[in-house]
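The structure under discussion appears below in the form of C-alpha cells.
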Amino acid sequence: MQSLREGTNAEALRRARTCYDHLAGRLGVALMDALLAQGLLEGGDGTFDPDRSTRDRLSAPGWDVAYVLSDERRARLESLGVDCSGAGRRPLIRYCVDWSEQRHHLAGTLGARLLGWFEDEGWVTRRSGSRALTITDAGARQMGPSFGVDIAGVLAVA
C-alpha cells in the first residue's frame with residue numbers, strides 16, 4: 001500500500017520532472033508532441049515502438065529516430081529567446097524514451113536549453129530534494145500560446 005505522500009510524489013514526477021538536464025514526464029512529452037505538431041521538429045511522431053527499436057531503452061538517449069530542426073524552425077524558436085546554436089560534440093537534438101509515458105521527450109542541447117528557458121521565464125520551478133518540477137501559474141498560462149503545449153493534459157491527474 002502506498003502512502004498519500006508517496007502517491008503525491010509519484011504523481012508529481014509523472015506530471016513534470018527533469019531527466020538529467022531536460023524536461024520529462026507528461027510535460028516533456030507534451031512539449032515534444034507540440035513541437036512535432038507545429039512542424040518545429042521533424043523526423044518522427046514521438047512514439048516509442050519497442051518492435052522497431054533495437055538499441056533504445058527507457059530513459060536512455062534515443063538512436064532509432066533522427067529529429068531535425070530546419071533553419072526556418074530554428075529562427076522561430078530563437079525568436080522566442082531559445083538558443084538553438086550547436087554546442088560542441090553534443091547533439092543539438094536527441095530524444096529519450098520517457099519511462100512514465102512510454103513516448104519520446106526532447107533531450108540533447110536543445111532539450112537542456114528549453115528546460116533552462118522554462119526556468120528563466122518562471123514557468124517551472126524545481127522541487128527541493130526531488131527531480132519533480134512545479135508548473136507555475138505563469139507556465140500554465142503561457143505554455144499553450146507560446147509552444148502549443150496541451151497544459152490541461154499535463155495537469156490532469158493520471
Side-chain angles (χ1 to χ4, degrees), residues 7-50 52-53 56-70 72-84 91-127 130-158:
T8 302
N9 289 336
E11 175 56 27
L13 285 169
R14 284 189 297 274
R15 180 181 308 116
R17 68 178 175 278
T18 58
C19 176
Y20 300 99
D21 63 353
H22 53 272
L23 291 166
R26 287 194 304 267
L27 177 58
V29 168
L31 177 62
M32 183 77 156
D33 285 347
L35 295 174
L36 289 166
Q38 295 176 46
L40 294 173
L41 285 180
E42 292 180 347
D45 64 1
T47 60
F48 174 62
D49 182 354
R52 182 184 68 209
S53 178
D56 292 349
R57 60 188 194 285
L58 298 182
S59 296
W63 300 96
D64 289 347
V65 177
Y67 291 100
V68 295
L69 180 69
S70 71
E72 177 184 331
R73 292 170 178 97
R74 182 183 312 259
R76 165 98 195 295
L77 285 173
E78 287 181 341
S79 74
L80 294 171
V82 179
D83 180 6
C84 295
L92 179 65
I93 299 170
R94 170 79 48 85
Y95 70 91
C96 284
V97 179
D98 197 87
W99 61 261
S100 63
E101 301 302 304
Q102 302 290 300
R103 293 184 49 86
H104 297 167
H105 62 255
L106 184 64
T109 300
L110 184 57
R113 288 182 180 157
L114 279 167
L115 170 58
W117 191 88
F118 276 38
E119 288 179 302
D120 291 347
E121 293 295 308
W123 291 5
V124 297
T125 58
R126 294 179 188 248
R127 291 186 179 199
S130 174
R131 292 180 23 219
L133 297 169
T134 298
I135 300 169
T136 66
D137 290 341
R141 282 191 311 273
Q142 294 299 318
M143 285 182 202
S146 297
F147 287 92
V149 171
D150 173 16
I151 198 66
V154 171
L155 296 176
V157 176

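We number each residue from 1, following the sequence as shown.
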Main-chain N/O of Val154 paired with Arg26 side-chain donor or acceptor, under 3.5 Å:
yes
At their closest point, which heavy atom of Cys96 faces which heavy atom of His22, and how far apart are they?
SG-NE2, 3.5 Å
Hey, does Val29 have a side-chain heavy atom less than 4.5 Å from the side chain of His104?
no
Leu27 and Val149, any side-chain heavy atoms less than 4.5 Å apart
yes
Search all heavy atoms of His105 against all heavy atoms of Ala24 and return the closest pair with its distance.
CE1-CB, 3.7 Å
For Leu92 and Cys84, the nearest pair of non-hydrogen atoms, with its separation, is CD2-O, 3.6 Å
Interatomic distance, OG1@Thr8 vs CD@Glu11, rounded to 0.5 Å, equals 8.5 Å
Does the side-chain contact (heavy atoms from CB on, under 4.5 Å) test come out yes or no for Ile93 and Val68, once each step is laid out?
CA-CA 7 Å; Ile93 299 170; Val68 295; 5.7 Å; no
Decide yes or no on side-chain contact (heavy atoms from CB on, under 4.5 Å) for Phe118 and Leu31, but give the supporting numbers first.
CA-CA 11 Å; Phe118 276 38; Leu31 177 62; 4.3 Å; yes
Glu121 side chain near Thr136 side chain, heavy-atom distance below 4.5 Å:
no
With Asp98, the salt bridge (charged side-chain N to carboxylate O under 4.0 Å, His left out) member among Arg17, Arg14, Arg103
Arg17
Sorted by chain and residue number, the side chain to side chain contact (heavy atoms under 4.5 Å, CB included) partners of Asp150 (sequence neighbours excluded) come out as Ala152
CZ of Arg15 to OG of Ser100, rounded to nearest 0.5 Å, is 11.5 Å
Roughly how far, to the nearest 0.5 Å, is CD1 of Ile151 from CH2 of Trp123?
9.5 Å
Mind checking side chain to side chain contact (heavy atoms under 4.5 Å, CB included) for Ala132 and listing every partner two or more places apart, or none if nothing turns up?
Ala12, Leu13, Arg127, Ser130
Using a cut-off of 6.0 Å, state whether more than 12 heavy atoms not belonging to Asp137 lie near its atom CG.
no
Before you tell me yes or no, could you show the steps for Thr109 and Asp83 under side-chain contact (heavy atoms from CB on, under 4.5 Å), namely the whole-Å CA-CA distance, both residues' side-chain angles and the distance that decides it to 0.1 Å?
CA-CA 9 Å; Thr109 300; Asp83 180 6; over 6 Å; no
Would you please name every residue forming a side-chain hydrogen bond (donor to acceptor under 3.5 Å, both in side chains) with Arg74, sequence neighbours left out?
none
Test side-chain hydrogen bond (donor to acceptor under 3.5 Å, both in side chains) applied to Glu78 - qualifying residues, sequence neighbours left out:
none
Quick check against the 3.5 Å criterion: does Thr18 have a side-chain atom that pairs as donor or acceptor with the backbone of Leu23?
no
Non-neighbouring partners of Leu40 that pass side chain to side chain contact (heavy atoms under 4.5 Å, CB included), sequence neighbours left out
Leu35, Gln38, Arg73, Arg76, Leu77
May I have the list of side-chain donor-acceptor pairs in residues 140-148 shorter than 3.5 Å, sequence neighbours left out?
from: Ser146; atom 1: OG; to: Gln142; atom 2: O; distance (Å): 3.2

